[in-house]
Amino acid sequence: MTGITAHGEKRLVLASGRAHPALAKDVARELDIELLPTTAYDFANGEIYVRFAESVRGTDVFVLQSHTTPINQWVMEQLLMVDALKRASAKRITVVAPFYPYARQDKKHRGREPISARLIADLFKTAGADRLMSVDLHAAQTQGFFDGPVDHLWAQPILTDYVRSRVDLSNTAVVSPDAGRIRVAEQWAAKFGGVPLAFVHKTRDITKPNQAVANRVVGDVQGRTAILVDDLIDTGGTIAEAVKVVLAAGASDVIVAATHGVLSDPAAQRLSECGAREVIVTDTLPIPSDKQFPQLTILPIAPLLARAIREVFDDGSVTSLFDGVA
C-alpha cells in the first residue's frame, strides 16, 4: 500500500474584506462561527495590505466582499486576500461577491470596448479562487466567464415572500422596467400565481451611462398595484421614470423591488419623490443613512448566503435552496 491516509476533519473559514463588515458579521452569526482575524489597511499611496492572523492551511475558505463605492479598491482588496490565502495553503478558496463587480459590462455594445465582467472573473481565477458565489447576476451568461464552479444565488424568494405580505395578489400586476428584464418579471408573476404581466418600453443612448427614457407601458396595469422588479438600482433614473409612467397608465400604486441597492447619487432623492409606495432592496451592499429615505425597506441577505456557504462546504446542493431551479 502506497501513500498516507489522513483522518482530519474539514474546516470552514469565513474571511471578510472591509467593504461591508455588518453583512460579514451577520453571515458569521448565521453560521455560528467567528470571522477569520484579519489585518487590512491602506498605505499612504493607496496600496492595500492584508494578512490573516490564524493558519488557514488545508481549510475551506469563503472570502466575502461587497463591491460598493469605491468599487476598484474593494475588488483589489479581495484579490489580495485570495492571493494571501493561496500562498498560505488554503485547500479551497471561494470568492463570495454578493454584488458582482462590473456585472453590467458583460458584452460589447460597440467596437473597442472591454468585456469587463469577464476580466473580473479572470482576475479572481488568476489570484487563486477555486469557486465563485454571487447573488442575482445582471446577466446569466456571466456564470460562464469563470473557469470553475459558480453558485448563482437568487434573492427572489426573499423579496417575493415580503412583497406577498404587502399586496392583494388578486389586484396586482408585475411590471418589468424594460424589455430586457421580462424573463425575471415572468418568474415573479408565476410565483404570485400567474398575475398579469407588463413592461415599460424605454429607449437608451448607449453612449451616455445611467440615462434612459421611459415611454409607455405595454400591458394592463389599470387600477392595480404594480410591482416593478429589477436586479439593481443605481442612480434610480430608470426606476423613477418607470414608476411615473406606470402611475400615468392607471396603476393604483407602485412597489419597487430590486436585489442590489447601489443607490448612487441622486438615487435617494429620485426614489423618494417618484411616487412609489415602497422601495424594497436587500443588504447585498451597505446602504448608509444618508442614502436611506422613508419609503426604503432593506431585507437581510445573510441567511441565504450562510445556507449556500454551508451547502458548498458540506458538498450539498445549492440548487436545492431554490426548489431545484437555479
Side-chain angles (χ1 to χ4, degrees), residues 97-100 103-104 106-107 117 132-144 150-202 214 217-221 224-234 238-239 242-243 245-246 251 253-262 276-285 297-301 303-305 307-308 311 317-326:
F99 175 67
Y100 189 89
R104 283 172 284 181
D106 62 297
K107 58 183 175 292
L132 283 184
M133 181 180 293
S134 193
V135 182
D136 285 355
L137 292 167
H138 187 66
Q141 71 258 23
T142 305
Q143 297 173 82
V150 176
D151 299 302
H152 185 198
L153 311 182
W154 289 4
Q156 186 187 79
I158 297 171
L159 294 166
T160 54
D161 285 350
Y162 177 80
V163 171
R164 193 189 307 274
S165 69
R166 305 289 292 160
V167 299
D168 175 9
L169 291 180
S170 66
N171 194 38
T172 297
V174 174
V175 182
S176 170
D178 56 49
R181 307 303 294 178
I182 287 180
R183 176 59 184 149
V184 175
E186 286 177 341
Q187 293 166 351
W188 275 71
K191 197 77 172 178
F192 289 151
V195 301
L197 182 66
F199 74 93
V200 177
H201 178 267
K202 76 174 184 181
V217 177
V218 179
D220 182 20
V221 296
R224 297 179 178 272
T225 295
I227 305 170
L228 263 171
V229 297
D230 210 345
D231 64 320
L232 66 90
I233 304 174
D234 191 353
T238 297
I239 286 292
V243 170
V245 169
V246 169
D253 65 345
V254 178
I255 290 177
V256 175
T259 301
H260 309 294
V262 182
R277 188 221 307 178
E278 190 171 6
V279 178
I280 306 157
V281 297
T282 72
D283 60 350
T284 55
L285 293 166
T297 298
I298 305 171
L299 303 179
I301 200 70
L304 174 63
L305 291 174
R307 287 172 62 200
E311 286 292 340
S317 171
V318 173
T319 306
S320 66
L321 302 179
F322 311 102
D323 299 324
V325 182

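Position 1 is the first residue of the sequence; numbering continues from there. Because only heavy atoms are used, hydrogens play no part in the values below, and waters and symmetry mates are left out as well, while side chains stay in.
Residues P300 and I158 come closest through the heavy atom pair O-CD1, 3.9 Å. Annotation for L228 and I239: closest pair CD1-O, 4.2 Å, computed over non-hydrogen atoms. Counting all heavy atoms, side chain and backbone alike, R166 lies closest to E278 at NE-OE1, 2.9 Å. Across every non-hydrogen atom of F192 and T160, the tightest pair is CE2-O, 3.7 Å. P157 and F322 make their closest contact through CG-CD2, 4.2 Å (heavy atoms, listed as atom of the first residue, atom of the second, distance). Shortest non-hydrogen contact noted between G180 and D178 is N-OD1, 3.0 Å.
Side-chain atoms of T284 and Y100, non-hydrogen and from C-beta on, never get closer than 4.5 Å to each other. Considering only heavy atoms from C-beta on, R104 comes within 4.5 Å of L232 through its side chain. Residues I280 and I255 are in side-chain contact: their nearest non-hydrogen atoms beyond the backbone lie under 4.5 Å apart. When side chains are defined from C-beta on, D151 does not count as touching E311, because their heavy atoms never get closer than 4.5 Å. The shortest distance between side-chain heavy atoms of V229 and Q187 does not fall below 4.5 Å. Counting heavy atoms from C-beta outward, D136 and W154 have side chains that approach closer than 4.5 Å. Between D220 and P196 the shortest side-chain heavy-atom distance does not fall below 4.5 Å. Counting only heavy atoms from C-beta outward, the side chains of N171 and R224 approach each other to under 4.5 Å.
With rounding to the nearest 0.5 angstrom, the CG atom of D253 is 4.0 Å from the OG1 atom of T225. A distance of 9.5 Å separates CD in Q143 from OG in S134, rounded to the nearest 0.5 Å. In this structure, the separation between CG on L153 and CZ on R307 is 10.0 Å, given to the nearest 0.5 Å. One finds the CD1 atom of I227 at 7.0 Å from the CG atom of L169 (value rounded to the nearest 0.5 Å).
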Determine whether V195 and W188 satisfy the following criterion, side chain to side chain contact (heavy atoms under 4.5 Å, CB included), listing intermediate values before the conclusion.
CA-CA 9 Å; V195 301; W188 275 71; over 6 Å; no
Using the side chain to side chain donor-acceptor pair (under 3.5 Å) rule, take D231 and T259 through it: C-alpha gap first, then chi angles, then the decisive distance, then the call.
CA-CA 5 Å; D231 64 320; T259 301; over 6 Å; no
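Checking side-chain atoms of D161 against main-chain N and O of R164 turns up no donor-acceptor pair under 3.5 Å. At distances below 3.5 Å, at least one donor-acceptor pair connects side-chain atoms of H152 with backbone N or O atoms of L137. In terms of modelled atom types and a separation under 3.5 Å, the side chain of S317 and the main chain of S320 share a donor-acceptor contact. A donor-acceptor pair under 3.5 Å links the side-chain atoms of H260 to the main chain of V135, judged by distance alone.
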